[in-house]
**Student:** 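Before I ask anything, let me first share the structure, which is written out below as structure tokens.
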There are 2 protein chains.
Amino acid sequence: MTTTAPDPEDLTARARIRDAALRHFGEHGFERATIRGIAETAGVSLGLVRHHFGSKQALREACDEHLMKIMHRLHEEAASRPLGGLNPVAAMGPYRDYLARALTEGSAAPFFDEMVRIGVQWLEEADRRLPDPPGVGPRARATVIAAMALSFSVLTKHVERGLGVSLESTEGQHELLRALLYVYSHPLLTPEEAAEARAALDRRERSTS
Amino acid sequence: MTTTAPDPEDLTARARIRDAALRHFGEHGFERATIRGIAETAGVSLGLVRHHFGSKQALREACDEHLMKIMHRLHEEAASRPLGGLNPVAAMGPYRDYLARALTEGSAAPFFDEMVRIGVQWLEEADRRLPDPPGVGPRARATVIAAMALSFSVLTKHVERGLGVSLESTEGQHELLRALLYVYSHPLLTPEEAAEARAALDRRERSTS
DNA sequence: CGGGCGACTATACGTGGGTATAGTTTGCTT
DNA sequence: AAGCAAACTATACCCACGTATAGTCGCCCG
């Protein structure tokens, strides 16, 4: 994990503040989190937060930026390992809550777009090995898949309730992975159902055009 | 109050306040939304909101309750129509934003659980027609599927950016449905990939037990 | 008529919390 | 050593917003 020092700044007060902000924003959301609380967690004064980041909004942006850096590192690591690409929820441990917040209330758009970009590459490669063209563009599919993959981070609480396990535990992670693996390898719709639905969609499209 | 009639209250100030709250909470989130703003949208005074609902928290709970009522109605309608079960994002139109907020910051747990319940029924029925048992319980699968289905409501903004269309428009809806239909009817993982991943998972599980 | 009650408004109160400023310590350069 | 900039603290400001109170209007019941 700490094979290579990630950032020499990681012991500075600035880094501590940023990490505390990550946690507070993740736990309570951007609005409910207070600069005072963040300062206390980081063990610094209120003013120092402002000195380093200027405003709450700027602090949030710094967190977003840092999240992106983390993500790139995790992605490179995960690419080598097996199962890496499957479980974004596991991959990012303590940053999961912040990511979830950033996706819904904040500005994790670059992160999402990056996932789509990677997915597109992945799909284009896979499509090339296919006999018949897919009929739906890789970008649309990658978008849908990215959203689905992130749902487990965003809806963690509900997924945990549904599965009856905590997703912090490795046991919970495995439980989720097993279910994911099943769903990802078994189509939800039979060919007949899909054909029927597609027909219904075509009908509806022609009628409203 | 607590009228028993279906919707004769829908023109009363109380209903207007509730609807305005739904919109404000959905657009800005619970914290950022202000009672004053809600009152203004509803065309009433600040005090009347308090008179009818008592507190901001209670107002939110009234919204949650109303959302559940709406959902039940929409679900019954959707069950009959074709394509109904597929696109929860389309189904709930103006309530989508509020639902997304409630799922992440609020208390839409009953709603999620209801979706899981319905999914379990659906899957148990489908499993009965299967030759071999699925290996992953219906509840786990239903949970995963529910989360995935809701991701398009929660991550609407990002999905719209990815697809390049607005999900308000019927055109955007169709675009999404087409992509969904493809993904739902084509497994993401080939049998070999799935087997490999499952093997890796088993290995990992045995090593940590 | 009158009086009581629910719908509704106007105004005030208190405070949490983001922002701003002034002051103190630390450390580095010449 | 001097001095200056960055790191850091203490304190004050101020206003948005949830909450609370007092009061007005209109309707129904006896």
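Quick note on labels: first sequence line is chain A, next is B, and so on, each numbered from 1.
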**Student:** Going by distance alone, is a donor N or O of one side chain under 3.5 Å from an acceptor N or O of the other, for T170(B) and Q173(B)?
**Tutor:**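 Short answer, no.
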**Student:** Under 4.0 Å from OP1 or OP2 of dC8(C): is there any side-chain N or O of H51(B) that close?
**Tutor:**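 Answer no for this pair, as no side-chain N or O of H51(B) is under 4.0 Å from OP1 or OP2.
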**Student:** Regarding dG18(C), can its base be found pairing with the side chain of R36(A) as donor and acceptor, where the two atoms are less than 3.5 Å apart?
**Tutor:**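 Between dG18(C) and R36(A), which were checked side chain against base, a qualifying N/O pair under 3.5 Å is present.
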**Student:** What does A33(B) touch in the nucleic acid at a heavy-atom separation under 4.0 angstrom: a base, only the sugar-phosphate, or nothing?
**Tutor:**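 A33(B): backbone/sugar contact only, no base atoms under 4.0 Å.
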**Student:** So if I take every side-chain heavy atom of S45(A) and compare against dT11(D), dC8(D), dC8(C), which nucleotide ends up nearest?
**Tutor:**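 Between dT11(D), dC8(D), dC8(C), the one nearest the side chain of S45(A) would be dC8(D).
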**Student:** Between R14(B) and dA7(C), is there a side-chain N or O to OP1/OP2 distance below 4.0 Å?
**Tutor:**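 So the side chain of R14(B) is outside the cut-off, no N or O lying under 4.0 Å from OP1 or OP2 of dA7(C).
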**Student:** On the 0 to 90° scale, with breaks at 30° and 60°, tag the H24(A)-H28(A) ring pair as parallel, tilted or perpendicular.
**Tutor:**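 It falls in the perpendicular class, over 60°.
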**Student:** Counting only side-chain nitrogens and oxygens, does H52(B) get under 4.0 Å of the OP1 or OP2 atom of dC8(C)?
**Tutor:**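 It does, given that an N or O in the side chain of H52(B) lies less than 4.0 Å from OP1 or OP2 of dC8(C).
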**Student:** Would you kindly say whether Q121(B) and E125(B) are connected by a side-chain donor-acceptor distance under 3.5 Å?
**Tutor:**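 Absent: no donor and acceptor within the cut-off.
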**Student:** How long is the line joining CZ of R16(A) and P of dA7(D), in whole Å?
**Tutor:**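 Answer to the nearest Å: 13 Å.
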**Student:** Does R32(A) or G47(A) map to a spot on DNA chain C nearer the 5' end, using the closest nucleotide for each?
**Tutor:**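 The residue whose closest nucleotide sits nearer the 5' end is R32(A).
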**Student:** Cation over ring, R101(B) on F30(B), under 6.0 Å and within 45°?
**Tutor:**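 Pair R101(B)/F30(B) does not count as cation-pi.
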**Student:** For Q57(A) and dG17(C), what is the distance between atoms CD and P respectively, to the nearest whole Å?
**Tutor:**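 Rounding to the nearest Å, CD of Q57(A) and P of dG17(C) are 18 Å apart.
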**Student:** Please give, in whole Å, the distance from dT19(C) C1' to R50(A) CZ?
**Tutor:**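 Distance check: R50(A) CZ to dT19(C) C1' gives 5 Å.
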**Student:** Rounding to an integer number of Å, can you tell me how far L48(B) CG sits from dT24(D) C1'?
**Tutor:**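 Result: 14 Å.
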**Student:** Between dG16(C) atom P and K56(B) atom NZ, what is the distance in whole Å?
**Tutor:**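 Value for this atom pair: 16 Å.
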**Student:** May I ask you to say whether R14(B) pairs ionically with D19(B), meaning some side-chain N is under 4.0 Å from a carboxylate O?
**Tutor:**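 Salt bridge flag = no for D19(B) with R14(B).
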**Student:** How long is the line joining CD1 of I17(B) and P of dG6(C), in whole Å?
**Tutor:**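 Computing the I17(B):CD1 to dG6(C):P distance gives 17 Å.
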**Student:** Output the rounded distance in Å from CZ (F53(B)) to C1' (dC17(D)).
**Tutor:**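 Rounding to the nearest Å, CZ of F53(B) and C1' of dC17(D) are 19 Å apart.
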**Student:** Select one nucleotide: of dT19(C), dC8(C), dT19(D), the one nearest the side-chain heavy atoms of L46(A).
**Tutor:**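 So the nucleotide nearest the side chain must be dT19(C).
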**Student:** Could you tell me the separation between the CG atom of L59(A) and the P atom of dG17(C), rounded to a whole number of Å?
**Tutor:**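 After rounding, the reported distance stands at 16 Å.
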**Student:** Counting the atoms with a prime plus P, OP1 and OP2 as sugar-phosphate, which does I35(B) contact under 4.0 Å by heavy atoms, base, sugar-phosphate, or nothing?
**Tutor:**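 If one applies the 4.0 Å heavy-atom cut-off, I35(B) turns out to touch the sugar-phosphate alone, with no base involved.
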**Student:** Could you check which of dT9(C), dT21(D), dC17(D) has an atom nearest any side-chain atom of T34(B)?
**Tutor:**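 Nucleotide nearest to T34(B)'s side chain: dC17(D).
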